[in-house]
Amino acid sequence: VQAGTGVSVTGSGTPGSPYVVAIDTIDCEQVRPCMSAGKGAAYNQTSGIISARLSPAPGNLVEFAPDGGLYVDTDCASVRECLSEGPGIDYDPVTGVIAATGGANVTTDCGLTGTGAVGDPLAVAVGAWPYACDVEANAGRVYCDDTGTLRGEPRSQATFQQQFSTTNYADVAVPAALQVTIETDTMPIANPDACRPAFLITEIELDVDLTLPANSGGIYSLNNDDMVRMENKGTTTMNDVHVQVTKVFNATIPAGGNVNDSIDIRLGGGFGGATYSRIQVAHRAFIFNL
Amino acid sequence: VSETTLYFKAASGAVKTVVTNGGADSVAVPEGMARISEKEHAKLLAGITTAHEEYVGGLAAEDRRRTQGDYEALCAVGIPEETAARLSGHQMES
């Protein structure tokens, strides 16, 4: 029996000395050449020691701690070099202190004040309330629209509407009864403000032409108020006698609403052949949204 | 401000104009009246005006007839002419 490489044979093949085949003891020096270091590792073929490999490149913070483990030491000076300051920030690369700046980093235009610093925050520029009344109960407000634009209360406006009517009659007798409605003068008036009620002032002018033979007379009225009573006590006819009279009213129109402003033109008390031939009405509306 | 003029007539024969600064839609049709054209209004108004002139002309003629009668009656009883004219309303020819 012959032993090959790495194997040994002992004994003579007799019962008293049988063959013993055994593997030879492997020597470390035989094994170490079989191994090599990969990435991140260092290998000493002589000693067989395997360890982490520390890069010698500048700035590498990995090192071996006293206990033999890997240890990364924080180097504040190096870290601080990685930072810089932006708007509104004050940064000290030596000490590493970061703080809000004291101003001059925010530029404001009309309506805004402040720099945005802690001691000088941005704020809306406002005036002092100069009135004796309570600001919360009396001041208007500021609103933001869908585009982000500041808006105030609805704009005040004053509008004016008028109509003149002239009706010619074929010399109709003034009614003997009192306050007979001859016309109803109506003017539709719209509130142009969809937000607020309108304060409305209306003015009515009335002018009735009366023809009054001697010893005749008549009355004309606005609603139930007799405005003119005329009687001819002379000896001849008074042709087309007329006096212009006026009344003023006030009302309120709801927001976005309408009213039909009407007034009755009434005649009565006619006698002695009194007639009317023309009625003129001026109807004016002053509409305020405040 | 632009103005709009609308024209109306009533069954009674009366005619009306309405002048507005609010546009035609702002005018309510007067009760008992109907819209007419400017031309029709002018024609009807001319008729009313003529009739009115004839009416007051007739009243004036009646005034002259009556005041002259009164004047003559006053003069007949010895009232001076100037006084009689003033009392009667008679318009003496100058």
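We name chains A, B, ... by the order of the sequence lines, and we start the count at 1 in each one. Just so you know, these numbers use all the heavy atoms, side chains as well, and skip hydrogens, waters and symmetry mates.
- With a 4.5 angstrom heavy-atom cutoff, A:E183 touches chain B only via side-chain atoms.
- Contact of B:T17 with chain A is made through backbone and side chain together, with heavy-atom distances under 4.5 Å.
- In terms of heavy atoms, B:S26 sits closest to A:P188 at O-CD, 2.9 Å.
- Heavy atoms closer than 4.5 Å to chain A are found in the backbone of B:S88, but not in its side chain.
- The shortest distance between side-chain heavy atoms of B:M33 and A:T167 falls below 4.5 Å.
- Contact annotation for residues 144-166 of chain A against chain B (heavy-atom separation below 4.5 Å, listed by residue number): A:F160, A:Q161, A:Q162, A:Q163, A:F164, A:S165, A:T166.
- Residue contact with chain A, scored on non-hydrogen atoms closer than 4.5 Å, involves the side chain of B:R66 exclusively.
- B:A51 touches chain A through its backbone: at least one of N, CA, C or O sits under 4.5 Å from a heavy atom, while the side chain does not.
- Your options are B:V27, B:V18, B:V19, B:T20, and the one with the most heavy-atom pairs under 4.5 Å with chain A is B:V19.
- For A:A177, the side-chain contact (heavy atoms from CB on, under 4.5 Å) partners are A:V180, not counting sequence neighbours.
- Here the side chains of A:T211 and B:Y55 are in contact, with some heavy-atom distance below 4.5 Å.
- Scanning residues 270-278 of chain A against chain B with a 4.5 Å non-hydrogen threshold yields A:G273, A:T275, A:S277, sorted by number.
- Contacts of B:L6 with chain A are absent, with no heavy-atom separation under 4.5 Å from either backbone or side chain.
- Contacts of B:L45 with chain A are made by side-chain atoms alone, with heavy-atom separations under 4.5 Å and no backbone atom involved.
- Against chain B, the residues from residues 234-261 of chain A that qualify, each with a non-hydrogen atom under 4.5 angstrom away, are A:T235, A:T236, A:T237, A:N239, A:D240 in number order.
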